[in-house]
There are 2 protein chains.
Amino acid sequence: MIEYSRQPHYLVAVDCIVFGFDGEHLKILLVKRGLEPEINKWSLMGGFVGPDESPDDAANRVLKKMTGLEGVYLEQMQIYGEPHRDPIERTLSVGYFALIDIHKYEAQLNDDYEAEWFLINERPKLIFDHNQMVADARKKLRYKAALHPILFEMLPKKFTIPQLHILFEEVNDTKIDTRNFSRKITSTGLLIKLPEKDKTGSKKGAFYFKLDKKKYHANSQAFLNLVPNLKV
Amino acid sequence: MIEYSRQPHYLVAVDCIVFGFDGEHLKILLVKRGLEPEINKWSLMGGFVGPDESPDDAANRVLKKMTGLEGVYLEQMQIYGEPHRDPIERTLSVGYFALIDIHKYEAQLNDDYEAEWFLINERPKLIFDHNQMVADARKKLRYKAALHPILFEMLPKKFTIPQLHILFEEVNDTKIDTRNFSRKITSTGLLIKLPEKDKTGSKKGAFYFKLDKKKYHANSQAFLNLVPNLKV
DNA sequence: AATATTAATTGTCTTTTTGACAATTAATAT
DNA sequence: ATATTAATTGTCAAAAAGACAATTAATATT
C-alpha cells in the first residue's frame, strides 16, 4: 500500500482488429476516431478499460457497442506499451483480434463513430501504432488459422467448400489446390454436409455444409494443417 | 486531452515465469515477495512498469535484476487484468515467460528478494493469480516448443541428444521414442556434432552438439513436430 | 585379459500424410 | 441437343511418422 502509491499510473485501453469475409475478400472494420487527438482519422475500434471490467470485458463491450454483436470470437493478441505511443498521455493498449461473420454485422448508428469495411490490402493509414497492430494481427490470424479451425467464425452457419477455400487462400495470401484442400478439410470430420445447394455462385451449385459443433468445441484445439508448405 | 483526463488510471506490472532445466527436471524460479501485501510469500518475479520503459523493457529489467542475466529468451504471454486481482489497488500485469540456462544463473544477492528453483510439479502456492499464470505459461511453453526450436534456450551451449530428449519429455510430460526423436531432431539441420563427449552420464559418453546459430536465427520460425500425436 | 554392465546410437518396415497432377459431373444457358 | 461454367472427385509417387530392438562404445568387474 505504501509502496504502491509511489508507482506511476497509466491509462489502459483495448484496440480490436475486426476481420470479416464477404465471400471474396478478407476485410477489416475501421472507424473514424471520435475524440482528440487525431479526431476523424481512421483507426481501430477501441476504448479505455473501465474500473469494473477486465481488458477482455472491455474488448467485448467495445465490440458490441460498435457492431451490435455479442459472443464474437475474440482473442488477445499482445500489449502495446511503448512510452510515447500515444502523444497525449501514456496509454497502454491491449490488442485483440476478432472474427465475425460480415453478414451478421449491421452498422450501429453511433454518433461518435463512423465504421466502414476495408479490403485488408486497401486500407487507409491508421493512427498511432494501429498499422503495426493490423500487421501483427494478420500474422497471428494466419498462424492460428493454419493450426486451428477458427476461420469458420467468419462464415455463415451454412457455407460451401469453395467459400471456405477462398477464405483460406485470402488469409494465407496463397493458392491452395482444390483437391488437396477438400480432402484435408473433410478429413477433419468437422463438417456436416447438408442436402441443399448454394446456387448463387454457379449453375451446378455447391453443397452447403455446417460445422459439427460438438466436434468443433471438443476439438477446437486440434491441429490442422491446411496450408501446404507452411512457413509462418 | 480533455477526454483522457476523465479516464481511470491503473498500475501496470510485469510478472515473469522463469523456466529452467537442470538436466533432469523442468524447474521454475520463484522469489519471496519483498513488499506488502503478502510480503515473504512465494511469488513470480515481477515489478511495475516504469515511466520510460515498455512492458518488454520492464520484464528484461526485472529479469536482469533478479538473475543477473541479460539477453534472455523472453516472450509476452498475456495480460492479467481482472479488476480485483490485486487486493490493494487495481494493477494489470503483463505475464512473460523466460527460458534460461539454469547453470548460467547465479543467485543475486538482492536484499529485497530470496529466489529459489522449484520443480515445476512441487512448487509452493503463489500469491494472487500467479498460480494461474504458471499454468498458462506451461501450456504456452508446450505449445510453442512443439512447433519452434526454443528449448535450446534452456540448455548450455554444448549439449547432448539425451539431454535434449529428457527436456522434451519433461516439457511435454510424455515419453518420446529415442529413435524417432533423434531422427527428427537431426533432420532439422539445426545441430552441429562436436568431437567431444559428455562422460558424466554414462560409460560410453554422449556426443556434444551445438546449435547452428545461423540456421537457428534464419529459421527459428520453422515448424518442427517433435512431439508425436500432438494435442495441445 | 576377458567379460559384464550401462547408456548411447543407429536401422527397418509399415502406415499415414502430403503434394502434384486433370478428368468428370451437375446444373443452367444457348 | 449442345455449350458453358464451376463443383466435385481420383490416382500415384514421395515424404513423414510411428512402431519396433539390435548394436556399439565405453567403463567396471571378475
Side-chain angles (χ1 to χ4, degrees), chain A residues 23-24 146-147 149 155 158-170 172 174-210 219 222-232, chain B residues 23-24 145-149 155 158-170 172 174-210 219 222-232:
Chain A
E24 293 187 67
L147 300 170
L155 290 172
K158 297 191 297 183
F159 53 86
T160 66
I161 302 256
Q163 279 170 14
L164 204 51
H165 183 222
I166 294 169
L167 177 52
F168 269 85
E169 290 191 332
E170 277 286 308
N172 292 287
T174 185
K175 286 286 168 192
I176 303 177
D177 181 86
T178 48
R179 291 156 288 189
N180 294 339
F181 179 78
S182 184
R183 186 203 327 143
K184 283 192 189 180
I185 203 76
T186 51
S187 76
T188 63
L190 290 173
L191 300 191
I192 297 173
K193 193 174 192 171
L194 301 176
E196 320 143 61
K197 275 188 168 182
D198 168 27
K199 293 282 186 61
T200 61
S202 72
K203 295 160 187 167
K204 180 176 178 179
F207 278 105
Y208 279 118
F209 289 78
K210 67 174 182 180
N219 203 24
F223 276 64
L224 304 176
N225 182 199
L226 295 162
V227 183
N229 300 315
L230 182 68
K231 291 283 188 305
V232 179
Chain B
E24 293 186 68
L147 300 170
H148 303 274
L155 290 172
K158 297 191 297 182
F159 52 85
T160 67
I161 303 254
Q163 280 170 12
L164 205 51
H165 183 222
I166 294 170
L167 177 52
F168 269 85
E169 290 190 332
E170 276 285 308
N172 291 287
T174 186
K175 286 285 168 193
I176 304 176
D177 182 87
T178 49
R179 290 155 289 189
N180 294 339
F181 179 79
S182 183
R183 170 170 24 107
K184 283 191 189 180
I185 204 75
T186 51
S187 75
T188 63
L190 289 173
L191 301 191
I192 298 174
K193 193 175 193 172
L194 301 176
E196 321 143 60
K197 275 188 168 183
D198 168 28
K199 294 281 186 60
T200 61
S202 73
K203 294 161 189 166
K204 180 176 177 179
F207 278 104
Y208 279 119
F209 288 79
K210 65 175 184 179
N219 202 25
F223 276 63
L224 303 176
N225 182 198
L226 294 162
V227 182
N229 300 314
L230 183 68
K231 292 283 187 305
V232 179

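Throughout, a chain's letter reflects where its sequence line sits, starting with A, and its residues are numbered from 1.
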To the nearest 0.5 Å, atom CG of A:Leu167 lies from atom CD1 of A:Ile176 at 9.5 Å
Within the supplied structure, the quantity of interest is the number of heavy atoms (other residues, nucleotides, ligands) at a distance under 6.0 Å from B:Lys197 NZ; does it exceed 12? yes
Compute whether any side-chain donor of one residue and acceptor of the other, for B:Thr174 and B:Asn172, lie under 3.5 angstrom apart. no
d(B:Ile166 CD1, B:Glu169 CD) to nearest 0.5 Å is 7.5 Å
Across every strand shown, the nucleotide meeting Watson-Crick or G-U wobble geometry with C:dA20 (both distances under 3.5 Å) is D:dT11
Whole-Å distance, B:Ile166 CD1 to C:dA7 P, equals 11 Å
Whether each nucleotide of nucleotides 9-15 of chain D has a protein heavy atom under 4.0 Å at its base (B), only at its sugar-phosphate (S) or at neither (-) is summarised, 5' to 3', as BB-----
Report all interatomic pairs (protein N or O, nucleotide N or O of nucleotides 24-30 of chain C) with separations under 3.5 Å.
residue, atom, partner, partner atom, Å
C:dT25, O2, A:Lys204, NZ, 2.8

note: B:Ile185, atom CD1; D:dA16, atom P; distance rounded to Å ~ 15 Å
Rounded to the nearest 0.5 angstrom, the CD1-CZ distance for A:Ile161 and A:Phe181 is 7.0 Å
note: A:Leu164, atom CG; D:dT8, atom P; distance rounded to Å ~ 12 Å
As its Watson-Crick or G-U partner within any shown strand, both distances under 3.5 Å, C:dT25 has D:dA6
In whole angstroms, the gap separating P of D:dT8 from CG of A:Leu191 amounts to 12 Å
Rounded to the nearest 0.5 Å, the NZ atom of B:Lys193 sits from the CZ atom of B:Phe207 at a distance of 5.0 Å
Exercise for review: Please examine the side chains of A:Phe209 and A:Ile192, heavy atoms only from C-beta on, and report whether any two atoms are closer than 4.5 Å.
Suggested key: no
Notebook entry, point to check: Can you check whether A:Ser182's main-chain N or O pairs, donor with acceptor, with A:Thr186's side chain at less than 3.5 Å?
Noted result: yes
A:Phe181 atom CZ is separated from C:dA20 atom C1', nearest whole Å, by 17 Å
